[in-house]
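A quick write-up on the structure given underneath.
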There are 2 protein chains.
Amino acid sequence: MAATLHDVAHVAGVSFKTVSNVINDHPNVRPATRERVQKAIAELGYRPNLTARSLRSGHTGAITLAVPQLRLPYFAELADAVIRAAEARGLVVLIEQTSGERDRELEVLKSPRLRMSDGLIFSPLGLGEEDAALVTAEVPMVLLGERIFSGGCDHVTMQNVEGARAATEHLLDTGRQRIAVVGAHEGEVIGSAGLRLKGYREALESRGIEYDDGLVAYVGTWHRANGAEAMHELLDRGVEFDAVFGFNDTLAQGAMRVLQEAGRRIPSDVAVIGFDDLDETRYSIPTLSSVNPGREEIAKTAIKVLMERIKNPAGPAPREILTQFEVIARESTAA
Amino acid sequence: MAATLHDVAHVAGVSFKTVSNVINDHPNVRPATRERVQKAIAELGYRPNLTARSLRSGHTGAITLAVPQLRLPYFAELADAVIRAAEARGLVVLIEQTSGERDRELEVLKSPRLRMSDGLIFSPLGLGEEDAALVTAEVPMVLLGERIFSGGCDHVTMQNVEGARAATEHLLDTGRQRIAVVGAHEGEVIGSAGLRLKGYREALESRGIEYDDGLVAYVGTWHRANGAEAMHELLDRGVEFDAVFGFNDTLAQGAMRVLQEAGRRIPSDVAVIGFDDLDETRYSIPTLSSVNPGREEIAKTAIKVLMERIKNPAGPAPREILTQFEVIARESTAA
DNA sequence: GTGAAAGCGCTAACAT
DNA sequence: ATGTTAGCGCTTTCAC
């Protein structure tokens with residue numbers, strides 16, 4: 001089968017330790033010997049067995065990324081960014097899908113599989129603050145998202161409250177007064193939905209507008225279909241509104257679709273803003289205003305922090321890192 | 001650090017082989033002993049070291065999926081499906097992004113990293129038929145897509161020609177005559193673009209309509225932006241058309257956007273159909289007709305075939321597997 | 001500068 | 001039914 005160090009050593013006529021030295025660029029090898037070894041390596045098409053190397057060295061060169069599902073464009077774009085950031089540092093990425101289910105999330109955390117990687121970037125959806133004590137892994141971990149803050153591990157997250165507040169203020173600035181919400185989670189305080197609702201309320205409050213629960217549509221998950229459903233519900237309720245804040249872009253897209261089906265014009269009748277700044281917001285009809293939560297930065301920072309933690313597990317105290325956000329105005333909120 | 005078999009054996013007062021027997025459900029263990037060992041395992045929080053197991057057993061329980069990029073919704077949905085299919089069989093998935101660049105694709109094929117997985121599902125974009133000889137890996141491989149057919153490995157692919165032909169015929173059936181194409185690749189014969197163009201031409205021919213290169217817009221990649229650009233170009237050319245066939249849904253979405261900006265109504269002025277049946281086609285304005293290429297089936301079949309090949313590398317001759325497709329009519333091609 | 005030997009944690013013959 | 005032994009392919013002391 002595949003050639004081993006021994007085979008190479010044999011062909012090159014040296015001890016297999018010398019071959020190892022050549023491969024790992026150790027200093028004490030005579031140029032002539034090195035050359036001979038390299039020739040043997042080429043001849044045999046030798047490739048190091050990384051599994052063996054991992055066993056010996058204790059690290060694998062891989063990290064795990066656990067997300068709800070790649071079908072959700074936000075996580076696809078996040079995974080894309082994480083893989084690129086990891087690759088830039090010579091790491092490969094193993095992806096686990098949790099469907100956002102608590103049990104599956106715990107399973108991933110506890111799986112022996114995790115040890116086949118050097119660290120974990122974990123974006124929980126089912127686990128909550130009350131589970132903080134369970135959120136530990138046998139490898140260094142960086143937490144993403146808004147579900148858990150009290151953990152003892154590094155945490156990279158976007159500014160949900162501030163971003164949502166800015167989005168709402170953007171709508172208010174265009175003269176909108178009755179802003180419907182699509183994507184709230186019943187009773188949630190600390191997840192993305194809870195925090196974005198908080199930002200929404202803060203913005204209203206700062207302008208002296210009273211919060212009206214009748215304008216808020218609650219959903220289960222954040223797929224396009226949920227946005228569509230929620231908008232149907234709002235329309236059925238018969239409440240008046242002149243703007244919609246979709247808690248993410250896919251919800252907003254679903255809602256826009258239904259609004260237009262119902263004959264509402266965007267933005268003249270109803271302005272719409274989303275959250276995430278997905279690529280597709282640039283091509284919908286109309287283009288969708290959104291909040292760029294700093295996804296690239298999240299990915300890059302997560303990788304950086306994780307690598308530091310892998311190098312030095314007992315390093316600095318866990319950090320809480322917030323990314324920059326930016327409101328991107330597009331057609332759906334034109335004045 | 002982490003407990004090993006030896007630690008468990010020590011605590012349970014047995015030899016470490018017995019522990020191994022318990023873990024691997026070997027028959028010859030007395031219930032009492034088994035129980036004692038299991039208690040020790042629980043007590044120490046023992047988890048097997050899969051790296052060591054891999055080294056010994058020769059397989060890793062992971063497979064590699066190499067795709068251009070997850071930002072392209074088609075590949076995000078494909079990866080999602082592959083991960084689910086793999087998980088159902090107890091495998092995890094490592095994802096490599098190639099950007100569709102030939103060099104990167106070759107790099108992935110040759111990387112020692114690949115041996116940290118048991119097999120490869122490879123969806124090339126940069127490599128072509130002329131590179132077939134280079135498309136070999138040190139692990140079993142299943143090829144996806146249309147770039148390479150002559151390889152000596154299992155190949156799962158969609159019916160591009162037939163699907164494209166059916167899409168075109170669908171447009172013709174609604175009375176359209178001048179069908180523009182968005183997404184062709186200059187001079188390509190065998191890639192998705194080449195094959196879909198072939199299907200388009202076949203459909204025209206079967207109805208006695210002459211092929212007009214003036215109706216074909218060529219692009220570089222298949223992002224939304226390319227679809228938008230291509231449609232701008234078609235409009236600038238001033239050619240008349242009453243339908244558009246986007247070679248994938250993202251291209252079609254970009255094109256629809258530009259068409260509507262230009263005041264063309266869909267489907268009354270121009271009908272539009274895409275390819276891939278992405279989730280987003282169900283929520284755009286208007287909803288986008290498309291061809292479902294059997295993505296779930298591709299994922300499931302690829303995993304199944306790969307596992308068979310892993311189990312038996314010298315097994316049956318490489319297979320060529322085609323999935324079922326289906327034209328999905330939505331608003332964008334309503335009569 | 002190069003080689004010999006030990007061992008990472010596990011599985012699988014082969015004893016006992 | 002349980003224990004012993006020999007590696008998987010590599011890195012890493014430590015000698016020479």
Side-chain angles (χ1 to χ4, degrees), chain A residues 1-41 44-62 111-118 138-139, chain B residues 1-41 44-62 111-118 138-139:
Chain A
M1 309 277 194
T4 72
L5 276 187
H6 286 95
D7 301 331
V8 175
H10 188 249
V11 169
V14 296
S15 98
F16 90 92
K17 165 58 182 157
T18 304
V19 181
S20 171
N21 283 340
V22 170
I23 288 167
N24 296 295
D25 275 332
H26 274 248
N28 294 341
V29 182
R30 220 176 348 204
T33 315
R34 157 162 288 133
E35 207 166 307
R36 205 141 41 91
V37 169
Q38 266 156 351
K39 213 177 127 206
I41 288 177
L44 292 171
Y46 167 79
R47 317 230 157 243
N49 179 324
L50 296 192
T51 305
R53 189 177 281 177
S54 293
L55 176 57
R56 185 64 242 230
S57 68
H59 53 253
T60 63
S111 164
R113 274 274 150 66
L114 205 49
R115 293 238 315 263
M116 290 253 288
S117 66
D118 298 335
E138 296 182 75
V139 295
Chain B
M1 303 288 190
T4 71
L5 275 187
H6 286 95
D7 301 332
V8 176
H10 188 249
V11 168
V14 297
S15 98
F16 86 133
K17 167 56 180 160
T18 304
V19 182
S20 172
N21 282 340
V22 170
I23 288 168
N24 297 295
D25 274 333
H26 274 246
N28 297 341
V29 181
R30 215 171 0 196
T33 314
R34 157 164 285 130
E35 209 166 305
R36 204 143 38 91
V37 169
Q38 265 155 354
K39 215 176 124 208
I41 288 177
L44 292 171
Y46 168 79
R47 318 230 155 243
N49 179 323
L50 295 193
T51 305
R53 189 176 279 179
S54 293
L55 177 57
R56 183 64 241 224
S57 68
H59 52 254
T60 63
S111 164
R113 275 271 150 66
L114 205 49
R115 294 238 313 264
M116 291 251 289
S117 66
D118 298 334
E138 295 181 76
V139 295

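Keep in mind that this is a model prediction, so the values were computed, not measured. Note on naming: letters A, B, ... go to the chains in the order of the sequence lines (proteins, then strands), and numbering restarts at 1 for each one.
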Residue pair S54(B) / M116(A): nearest heavy atoms and the distance that separates them: OG-SD, 4.0 Å
Within-4.5 Å side-chain heavy-atom neighbours: R115(A) and T51(B): no
Within residues 50-59 of chain B: residues closer than 4.0 Å to DNA chain D (heavy atoms): L55(B), R56(B)
With sequence neighbours excluded, residues passing side-chain contact (heavy atoms from CB on, under 4.5 Å) with R34(A): V22(A), D25(A), V29(A), Q38(A)
Residues which pass side-chain contact (heavy atoms from CB on, under 4.5 Å) with F16(B), listed by chain and number, not counting sequence neighbours: L5(B), H6(B), A9(B)
With N21(A) via side chain to side chain donor-acceptor pair (under 3.5 Å) - residues at least two apart: K17(A)
Any residue of residues 15-22 of chain B with a heavy atom less than 4.0 Å from an atom of DNA chain C: F16(B), K17(B), S20(B)
Covered region of DNA chain C, 5' end to 3' end, by chain B [heavy atoms, under 4.0 Å]: dG9(C) to dA13(C)
Terminal helix-axis angle for the helix from dG1(C)-dC16(D) to dT16(C)-dA1(D), with five pairs defining each axis and rounding to 10 degrees: 40°
Side chain to side chain donor-acceptor pair (under 3.5 Å) against S117(A), all qualifying residues, sequence neighbours excluded: T64(A)
For E35(B), all residues meeting side-chain contact (heavy atoms from CB on, under 4.5 Å), sequence neighbours excluded: none
Nearest heavy atoms of T33(B) and T18(B), plus distance in Å: CG2-CG2, 3.9 Å
Test side-chain contact (heavy atoms from CB on, under 4.5 Å) applied to Y46(A) and I23(A), step by step: CA-CA 11 Å; Y46(A) 167 79; I23(A) 288 167; 3.4 Å; yes
Listed partners of R47(A) passing side chain to side chain donor-acceptor pair (under 3.5 Å), at least two apart: E138(B)
Closest contact, heavy atoms only, P48(B) versus R53(B): CB-NH2, 3.5 Å
Rounded distance (nearest 0.5 Å) linking atom CG of L55(B) with atom CZ of R56(A): 12.0 Å
Distance-minimising heavy-atom pair for A3(B) and L44(B): CB-CB, 4.0 Å
Positional range of nucleotides in DNA chain D within the contact set of chain B, heavy-atom, under 4.0 Å: dA1(D) to dG9(D)
Contacts of type side-chain contact (heavy atoms from CB on, under 4.5 Å), residue H59(A), not counting sequence neighbours: S57(A), D118(A)
